[in-house]
Chemist: 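There's a structure below that I have some questions on.
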Amino acid sequence: RRRILHFNVTHHPTSNWVIQQLREAFAFEPSHKHLIFDRDQKFGHEVTAAVKAMGSRPTRTSFQSPRQIGIAERWVESCRQDLLDHVLVLNERHLKRLLSDYVRYYHEDRTHLGLSKETPKGRARATSRGRVTGRPRLGGLHHRYDRAA
């Protein structure tokens, strides 16, 4: 259902940082069958060994083929268009807060064409008639519209 399981940011990602993020992302859930990553240097032999130890099969994309990891690329593009193109990020802490708000917006408010205009968490549709109210999201960049009770 296109849920974001885990995210984090750092100025200089390393293979050890990636391994720690994998541990945090899949700490309580059963490991997935496949884990796809591109050919970036931070996904070295240590990451491949850690993924295998988690019970998943690491799969690398072909050279210069961003479409092979389409869901991740679409999320990055959506985040860029919906949020990051409209704000000035001050520092790493500010970026984490912005992305945390965006993930909440992505799960609860942003509709997805692939989900029949639903959200990944699902949301109740208003059945009553009445005035439409808008609630600001992402600092007013976007809004969620509902019927007033």
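Along the sequence shown, residues carry numbers from 1.
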Chemist: Clusters formed by hydrophobic residues whose side-chain heavy atoms approach within less than 4.5 Å: which one holds V132, and what are its other members?
Modeler: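 Once heavy-atom contacts under 4.5 Å are chained together, V132 belongs with Y145.
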Chemist: Please round to the nearest 0.5 Å and tell me the distance separating atom CZ of R104 and atom CG of L99.
Modeler: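 Here the rounded value is 11.5 Å.
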Chemist: For a quick test of reading the model, state the closest non-hydrogen atom pair linking F37 to P58 and the distance between them.
Modeler: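 Closest approach of F37 to P58, heavy atoms only: CZ-CB, 3.7 Å.
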Chemist: For residues 41-52, run the donor-acceptor check on the side chains, cut-off 3.5 Å, and write out each pair with its distance to 0.1 Å, sequence neighbours left out.
Modeler:
from : atom 1 : to  : atom 2 : distance (Å)
K42  : NZ     : D40 : OD2    : 2.9
E46  : OE1    : S15 : OG     : 3.3
T48  : OG1    : G44 : O      : 3.2

Chemist: Out of curiosity, E24 CD to N8 CG, how far, rounded to the nearest 0.5 Å?
Modeler: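 Spacing of CD (E24) from CG (N8) equals 6.5 Å.
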Chemist: Looking only at heavy atoms, what is the nearest atom pair of A25 and H6, with distance?
Modeler: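 Looking at all heavy atoms of both residues, the shortest contact is CB-CB, 3.6 Å.
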Chemist: Of all heavy-atom pairs between I4 and H107, which one has the smallest distance, and what is that distance?
Modeler: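 Looking at all heavy atoms of both residues, the closest pair is N-NE2, 2.8 Å.
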Chemist: Is the CZ atom of R39 crowded by more than 12 outside heavy atoms at less than 6.0 Å?
Modeler: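 More than 12 heavy atoms, drawn from other residues, nucleotides or ligands, come within 6.0 Å of this atom.
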Chemist: Tabulate below the donor-acceptor pairs under 3.5 Å that side-chain atoms of residues 85-93 make, not counting sequence neighbours, or state none.
Modeler:
from : atom 1 : to  : atom 2 : distance (Å)
H86  : NE2    : Q81 : O      : 3.0
N91  : OD1    : R93 : N      : 3.2
N91  : OD1    : H94 : N      : 2.8
E92  : OE1    : H11 : N      : 3.4

Chemist: Would you call the rings of Y102 and W75 parallel, tilted or perpendicular, taking 30° and 60° as the class edges?
Modeler: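 Geometry flag for W75 against Y102: perpendicular rings.
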Chemist: Mind checking salt bridge (charged side-chain N to carboxylate O under 4.0 Å, His left out) for E77 and listing every partner two or more places apart, or none if nothing turns up?
Modeler: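 Salt bridge (charged side-chain N to carboxylate O under 4.0 Å, His left out) list for E77, sorted by chain: R80.
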Chemist: With D38, which residues qualify under side chain to side chain donor-acceptor pair (under 3.5 Å), at least two apart?
Modeler: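 Residues passing side chain to side chain donor-acceptor pair (under 3.5 Å) with D38: none at all.
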Chemist: Apply salt bridge (charged side-chain N to carboxylate O under 4.0 Å, His left out) to K96 and list each qualifying residue two or more places apart in sequence or on a separate chain.
Modeler: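 With sequence neighbours excluded, K96 shows a salt bridge (charged side-chain N to carboxylate O under 4.0 Å, His left out) to no residue whatsoever.
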Chemist: Could you check if a side-chain atom of Q21 sits within less than 4.5 angstrom of a side-chain atom of P13, using non-hydrogen atoms only?
Modeler: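 No, every pair of side-chain atoms sits at 4.5 Å or beyond.
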Chemist: If we only count heavy atoms from C-beta on, is the Y105 to D82 side-chain gap below 4.5 Å?
Modeler: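 Touching, per the 4.5 Å side-chain cut-off.
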Chemist: For the CZ atom of R137 and the CZ atom of R110, what is their distance to the nearest 0.5 Å?
Modeler: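 CZ of R110 is found 15.0 Å from CZ of R137.
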Chemist: Evaluate the side-chain proximity of L22 to M54: yes if any heavy-atom separation is below 4.5 Å, no if none is.
Modeler: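 Contact flag for M54/L22 side chains = yes.
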Chemist: Starting at NZ of K33, measure out to OG of S56 and round the result to the nearest 0.5 Å.
Modeler: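 It is 11.0 Å, given to the nearest 0.5 Å.
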